[in-house]
Amino acid sequence: MADSLSTAGIIKDLETRFVGQRVICYPSLTSTMDVARQEAQQGATEGTVIVADEQTAGRGRLKRTWLSPRGSIALSIVLHPGVAQLPSLIMLASLAVVHSIETVTGLKSQIKWPNDILIDGRKVCGILIESDVQGSTVNYTIIGIGINVNLRLADFPEILPIATSLSDELGREVSRLSVIRCLLVEIERLYLALSTGGPIYEEWRDNLVTLGKRVRVKTGESVYEGVAESVARDGSLLLRGFDGSLTKIVAGDVTLRE
Ligand code: BTN
């Protein structure tokens, strides 16, 4: 049975200054990204969080759909970063998820470039970041996080070969409330660390399962194969082709070949 999520339960004694100090919970939504965007356009305070028990039209990267039935976590956070901080948001969101999963469950997870969270090679979390930028002004950014928490993947044959859930990994249910509260604290901690030059890039790079592996990267209509050599500070992937060439990939979809 899914544990219940409520604004009061998430906010009570939450040790943050602004992330999660305003939370709106819905039993069901199309996508938390849509509601967070409306909130942001209406001037929502930084750190406003939209949570849904279930999404009926969850969105993933590269225009994919994202399955988020009851038992999973689906939330979006409104932030107002500076334009120079935008590339680091992917890094901090991924790290916040890895830290929170470990803190709450003890499970170790890894990051697949740019921001898929895997446990033993299977995806447990996806992150979607959308920003409204005009020139050098960021009107708002929304970080959307979906975590497979209490799902029996056997009930979802379409993603069974590539996905996992915290409950499947542990053989017991996990408190979504604990994961969300931990996540909000971590997001704020890392977001504040960005302004003081915390080692977020280095930690993200060191947690990437992708580096040193043979990969296939699809970006737009192009496909590249080679070894994922490194990542740049702006978050892009540096791919060493088998002909020795080096390609910088800003966005794409990676398949690990080994
Ligand atoms: C991906 O891996 O492609 C990203 C998936 C992001 C899913 C989350 S769930 C909360 C938020 N609302 C959405 O519709 N998408 C993001």
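Small disclaimer: the values here were computed from a predicted structure and weren't measured. In each ligand, atom 1 is the first atom listed, and ligand 1 is the first ligand listed.
Every atom of ligand 1 is numbered from 1 in the order shown, and the set under 4.0 Å from a heavy atom of Gly58 is 14 (O). Proximity to Gly60 (heavy-atom distance under 4.0 Å) selects the following atoms of ligand 1: 1 (C), 3 (O), 4 (C), 5 (C). Atoms of ligand 1 found under 4.0 Å from any heavy atom of Ser31 (numbered from 1 in listed order, with element): 12 (N), 13 (C), 14 (O).
Residue contacts with ligand 1: Ser76 is placed with no nitrogen or oxygen under 3.5 Å of a nitrogen or oxygen of the ligand (distance criterion only). Polar contact check, Trp66 against ligand 1: no nitrogen or oxygen pair lies under 3.5 Å apart.
Of the protein's non-hydrogen atoms, Lys123 NZ, 2.6 Å is the one closest to atom 2 (O) of ligand 1. The nearest protein atom to atom 16 (C) of ligand 1, hydrogens excluded, is given as Arg59 O, 3.8 Å; this is a heavy-atom distance. For atom 3 (O) of ligand 1, the closest non-hydrogen atom on the protein side is Arg61 N, 2.6 Å. For atom 8 (C) of ligand 1, the nearest protein heavy atom (residue, atom name, distance) is Gly146 N, 3.6 Å. Among all protein heavy atoms, the one lying closest to atom 11 (C) of ligand 1 is Thr32 OG1, 3.2 Å.
Neither the backbone nor the side chain of Arg64 comes within contact range of ligand 1; no heavy atom lies under 4.0 Å. Contacts between Asp116 and ligand 1 below 4.0 angstrom, taking non-hydrogen atoms only, involve the side chain exclusively. Using a 4.0 Å cut-off between heavy atoms, Leu62 makes no contact with ligand 1 at all.
Counting only N and O atoms by type, the side chains of Glu46 and Tyr191 include a donor and acceptor under 3.5 Å apart.
A salt bridge does not link Arg122 to Asp168: none of the charged side-chain nitrogens sits closer than 4.0 Å to a carboxylate oxygen. Ion pairing of Arg181 with Glu15 is absent here, as no side-chain N (NZ or NE/NH1/NH2) approaches a carboxylate O to less than 4.0 Å.
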**Asked** Can you check salt bridge (Lys or Arg N to Asp or Glu O under 4.0 Å) on Asp253 and Arg64, steps first, answer last?
**Response** CA-CA 11 Å; Asp253 205 22; Arg64 298 205 179 107; 2.3 Å; yes
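For the atom pair CE of Met33 and CG of Leu75, the computed distance is 10.0 Å after rounding to the nearest 0.5 Å. Taken to the nearest 0.5 Å, the NZ atom of Lys218 stands 10.0 Å off from the OG1 atom of Thr255. Here CG of Leu239 is found 4.5 Å from CD1 of Ile249. Values are rounded to the nearest 0.5 Å.
Side-chain contact check for Leu184 versus Ile77: some heavy-atom pair is nearer than 4.5 Å. Proximity of Arg216 to Tyr224: side-chain heavy atoms (C-beta onward) are nowhere separated by under 4.5 Å.
Across the listed options Ile142, Val35, Ile145, Ile127, Ile127 owns the non-hydrogen atom lying nearest to atom 4 (C) of ligand 1.
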